[in-house]
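Lettering follows sequence order; numbering is per chain, from 1. In what follows, every heavy atom counts, from backbone to side chain, and hydrogens, waters and symmetry copies are set aside.
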Amino acid sequence: MALVVYNTLTGKKEEFIPLKDKEVKMYVCGVTLYDQLHLGHARAAVIFDFIRRYLEYRGYRVKYITNFTDVDDKMIDRAKALGISIFELANKFIEEYTEQMKILGVRRADEYPRATECMNEIIDLIKRLEEKGFAYRRNGDIFFRIKKFPQYGALSHQNLEELYAGARLEIDERKIDAVDFALWKKEREGEPSWDSPWGKGRPGWHIECSAMAMKLLGDQIDIHGGGRDLIFPHHENEIAQSEAATSKRFARYWIHNGLLTMRTQKMAKSTGNVFNLSQALERFGGETVRYYLLSAHYRSPLDYREETLREAASSLERIQNFLQRAQEIQEEEREAALSRNEEERVQALAQRAGRMEHDFVLAMDDDFSTPLVFSSVFEAVKMANLLMRKGAPLNKDARDTLLRVRKEIEKIGEVLSLFGDEKKDLGKDASQFIDLLVDLRDKLREKKEWKLADEIRKKLSALGIELEDTRTRTVWRLKEQSSSARGR
RNA sequence: GGCGGUGUAGCCAAGUGGUAAGGCAGAGGACUGCAAAUCCUUUAUCCCCGGUUCGAAUCCGGGUGCCGCCUCCA
């Protein structure tokens, strides 16, 4: 079986073959640190995180780099407004970023290069371009000469004429051609700058990524990722710069995630059309947000609606409920003879369990089809729930089969960074207290002290702990955060 | 205007020639002291029009809606 990925460069799904057997060099465009993250950023981060995890699951060693753009016009403006340096501003948002990624279950990248820490590499790269005749100076600014790079436009599938036809090209006297872009920007009064052979100034946005990727991963990388909105001009320019400098193919696979929209408009800071990530995480929790973002195929556009996020919480809960039930049923010791019907169900379920990992790989190998993965999980959950219905006693064979399903789902969950055991996060002490309360309440129930028992249940519920009285005993679980948000 | 993507139930979303998965929500029922969970039942002229085919959501042609990019943006 082969992993197939959609490559923006060719516009086709292609078999994934890295440069070096079993090794993947992956670079994903990170964020510019001038404002809080929104759900759209989270989408990109989660998507490339699970792609990375899946590649590792498939046996590749992945070197994963994502950058921080820590110098840029908007940052300068913002820092000025706040009366702090852009470095302080950057650090503040990096801290937020790190915390939020953790909540989202996004694993840390191998490195997080920052533009300001790669100035030497950036300057060297521009120098090389200048030596090769791809760059020209204009009064302290340096521009890339697009006409010198005939392949320009390959990624966005546009040629120069088509780009010229684009109505919104600015007219910039300094450029030879309107499509040329800045590699280095001359220092401006009161703004941060760095020394260079061309005088003081700072790098253009596009060159940063090329330099950082090449510094940490070499001239050629396997996967370059980012949002669709970066295809042009950012990634197009990256290709031009990198390939002009090295004469080598820069990235083999260009993977772009679909954008998150809101009220069918792209979610973007520049338009103020955003739903903040911090808000989303607070209201729904990291796992729900992650599940929500993964429930759509990574390439399709996703229109944010609060309702959908709430639905995601319910869906996730279904899986988690099953996982917990399957866990608890292991402790059951009674043996019961199964009916013919139940025997058949156990058999069917065992078959299903045996197929799950294969189905998972099949779905993911086809350009990372997470929606398909979930449907297979739900089907297994349904079959398993049917078997556990009413909490009637089962035999060991049935319990083992349920355990197997649970293990399979957890295995998938590991790759997707989902279905974690929340009780673990609660800590042992808290769990013990809750167990104690539940025990006491059971005693009350035996005495038919319904009023008091209900009160305990109600109060625990207010604290986010849901009780469930099954036929044999009472179990508890943490409520999805959205449940508490539901009433709002 | 150019380029790219996308259009399947109230919502999310599979399906790439064989007669529409799955989830959420809604309705009804079973179970339960109640609740929750769970189970059962129920919800689609697959954007439109032509064509190919015994047969099309799926292939071909033509429309059309929406989104993104063409300016900083995941």
Side-chain angles (χ1 to χ4, degrees), chain A residues 8 11 28-32 34-35 37-48 66 69 72-74 153 155-159 161-170 179 181 205 225-234 236 256-261 264-271 292 295-297 299-303 305 307-319 321-322 324-325 363 369-382 384-391 445 448 450-451 453-454 457-458 461 466-471 474-477 479:
Chain A
T8 307
V28 177
C29 281
V31 291
T32 301
Y34 76 94
D35 207 348
L37 298 182
H38 61 246
L39 255 190
H41 297 117
R43 185 174 190 202
V46 163
I47 282 169
F48 288 104
T66 189
T69 295
D72 136 291
D73 286 340
K74 281 180 183 151
L155 184 70
S156 54
H157 307 285
Q158 300 202 79
N159 55 41
E161 285 81 68
E162 284 165 354
L163 285 171
Y164 281 121
R168 286 185 286 169
L169 271 181
E170 60 180 303
V179 285
F181 58 91
W205 176 45
R228 284 211 89 79
D229 52 349
L230 296 185
I231 294 173
F232 192 92
H234 186 54
E236 196 73 74
H256 292 99
N257 64 276
L259 298 182
L260 194 76
T261 57
T264 75
Q265 290 292 303
K266 174 180 161 186
M267 191 173 283
K269 290 182 276 199
S270 49
T271 54
Y292 163 75
S295 65
H297 186 88
R299 279 196 289 127
S300 35
L302 183 58
D303 192 45
R305 304 166 91 243
E307 188 193 349
T308 315
L309 208 32
R310 260 186 273 127
E311 289 170 5
S314 304
S315 302
L316 229 203
E317 232 174 87
R318 180 173 167 84
I319 296 171
N321 287 344
F322 160 73
Q324 200 192 356
R325 287 179 83 192
S369 184
T370 48
L372 208 54
V373 170
F374 291 130
S375 83
S376 135
V377 168
F378 280 115
E379 274 168 23
V381 166
K382 184 166 200 159
N385 278 338
L386 189 59
L387 193 62
M388 290 191 288
R389 192 165 50 128
K390 295 184 179 179
R445 288 180 61 230
K448 301 206 190 303
W450 307 126
K451 226 175 154 184
D454 287 351
R457 183 171 63 197
K458 208 170 148 194
S461 172
E466 201 75 72
L467 296 194
E468 179 183 335
D469 299 325
T470 70
R471 183 166 285 184
T474 298
V475 297
W476 63 269
R477 73 175 78 86
K479 266 197 287 191

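B:U6: Watson-Crick or G-U partner is B:G65, with both key distances under 3.5 Å. B:C72 is unpaired under the criterion used here, namely a Watson-Crick or G-U wobble arrangement in which both key atom distances are under 3.5 Å. The partner of B:U38, taking Watson-Crick or G-U wobble pairs whose two distances both stay under 3.5 Å, is B:A30. For B:U58, there is no paired nucleotide, since no Watson-Crick or G-U wobble pair has both relevant distances below 3.5 Å.
For the pair A:Ser315 and A:Leu39, nearest-nucleotide mapping onto RNA chain B gives the more 5' position to A:Ser315. RNA chain B is contacted by both A:Ser369 and A:Leu260; A:Ser369 maps to the nucleotide lying nearer its 5′ end (nearest heavy atom per residue).
If you take atom P in B:G61 and the same atom in B:C3, they sit 16 Å apart, rounded to whole Å. Going from the P atom of B:A9 to that of B:U43 covers 15 Å, rounded to whole Å. Distance noted for atom C1' between B:A56 and B:G50: 14 Å (whole Å). Straight-line distance between the C1' atoms of B:A21 and B:A44: roughly 13 Å, to the nearest whole Å. When the C1' atom is used for both B:C72 and B:C46, the distance is 40 Å, rounded to whole Å. Straight-line distance between the P atoms of B:C48 and B:U8: roughly 11 Å, to the nearest whole Å. Taking atom P in both B:G7 and B:C12, the straight-line distance is 12 Å, to the nearest Å. The same atom, C1', is picked in B:U32 and in B:C39; the two are 13 Å apart, to the nearest Å.
Distance CG (A:Leu259) to P (B:C66): 18 Å, rounded to an integer number of Å. Spacing between atom CG of A:Asp72 and atom C1' of B:C72 amounts to 7 Å, rounded to whole angstrom units. As rounded to whole Å, 13 Å separates atom P of B:C40 from atom CE of A:Met388. Rounded to whole Å, atom P of B:G68 lies 13 Å from atom CZ of A:Arg43. Atom NE2 in A:His234 sits about 11 Å away from atom P in B:C72, given to the nearest Å. Taking atom CZ of A:Arg318 as the reference point, atom C1' of B:A36 lies 14 Å away to the nearest angstrom. Counting to the nearest Å, the P atom of B:C39 and the CZ atom of A:Arg389 are 9 Å from each other. Between A:His38 atom NE2 and B:A74 atom C1' there is a gap of 6 Å when expressed in whole angstrom units.
Applying the side chain to side chain donor-acceptor pair (under 3.5 Å) rule to A:Asn159 yields no partners; only residues at least two apart in sequence or on another chain are considered. Judged as a side-chain contact (heavy atoms from CB on, under 4.5 Å), and not counting sequence neighbours, the contacts of A:Glu379 are A:Arg352. With sequence neighbours excluded, the residues forming a salt bridge (charged side-chain N to carboxylate O under 4.0 Å, His left out) with A:Arg457 are A:Asp454, A:Asp469, listed by chain and number. Under the side chain to side chain donor-acceptor pair (under 3.5 Å) criterion, A:His234 pairs with A:His206, A:Glu238, not counting sequence neighbours. Partners of A:Asp229 under the salt bridge (charged side-chain N to carboxylate O under 4.0 Å, His left out) rule, at least two apart in sequence or in another chain, are A:Lys266. Shown here are the side-chain contact (heavy atoms from CB on, under 4.5 Å) partners of A:Ser461, two or more places apart in sequence or in another chain: A:Glu466, A:Lys479. With sequence neighbours left out, A:Pro371 forms a side-chain contact (heavy atoms from CB on, under 4.5 Å) with A:His297, A:Ser369.
Among all heavy-atom pairs drawn from A:Ser156 and A:Phe232, the shortest one is OG-CD1, 3.4 Å. Closest of all the heavy-atom pairs between A:Asn321 and A:Arg477 is OD1-NE, 2.8 Å. Closest non-hydrogen pair, A:Arg43 versus A:Leu259, comes out as NH1-O, 3.2 Å. In this structure, A:Ala296 and A:Leu302 approach most closely via the heavy-atom pair CB-CD1, 3.8 Å.
Across all strands shown, A:Asn257 has heavy atoms under 4.0 Å from base atoms, whether or not it also approaches the sugar-phosphate. Using a 4.0 Å heavy-atom criterion, one finds that A:Gly40 contacts the bases of the nucleic acid, with or without backbone contacts as well. Residue contacts shown for A:Lys448 are absent, as no nucleic acid heavy atom lies under 4.0 Å away. Counting any heavy atom pair closer than 4.0 Å across all strands shown, A:Gly30 reaches sugar-phosphate atoms only and no base atom.
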Check nucleotides 3-13 of chain B against the protein and report each pair of N or O atoms closer than 3.5 Å, with its distance, or say if there are none.
unit_1, atom_1, unit_2, atom_2, d
B:C3, O2', A:Ser156, O, 2.7
B:C3, O2', A:His157, O, 3.0
B:G4, O2', A:Arg228, NH2, 3.2
B:G5, OP1, A:Tyr6, OH, 3.2
B:C11, O2, A:Glu311, OE1, 3.1

Grab the N/O contacts between the protein and nucleotides 33-35 of chain B below 3.5 Å, and write none if there aren't any.
unit_1, atom_1, unit_2, atom_2, d
B:G33, O6, A:Arg445, NE, 3.2
B:G33, N1, A:Asp454, OD1, 3.1
B:G33, N2, A:Asp454, OD2, 2.6
B:C34, O2, A:Arg457, NH2, 2.3
B:C34, N3, A:Arg457, NH1, 2.9
B:C34, N3, A:Arg457, NH2, 3.2
B:C34, N4, A:Asp469, OD2, 3.1
B:A35, N6, A:Asp469, O, 3.0
B:A35, N1, A:Asp469, N, 3.0
B:A35, N3, A:Arg457, NH1, 2.9

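When the side-chain nitrogen and oxygen atoms of A:Asn385 are compared with OP1 and OP2 of B:C39, one or more of them lie within a distance under 4.0 Å.
Set against B:C24, B:A36, B:A74, the side chain of A:Ser314 has B:C24 as its closest nucleotide. Nearest nucleotide to the A:His41 side chain, out of B:G23, B:C72, B:A74: B:A74. Counting only heavy atoms from C-beta on, A:Ser375 has its side chain closest to B:G22 among B:A25, B:G22, B:A74. You'll find that the side chain of A:Phe232 is closest to B:C70, out of B:G22, B:A74, B:C70. Of the candidates B:A36, B:C67, B:G23, B:A36 carries the atom nearest the A:Glu466 side chain, counting heavy atoms from C-beta on.
Counting only heavy atoms from C-beta outward, the side chains of A:Arg325 and A:Asn385 approach each other to under 4.5 Å.
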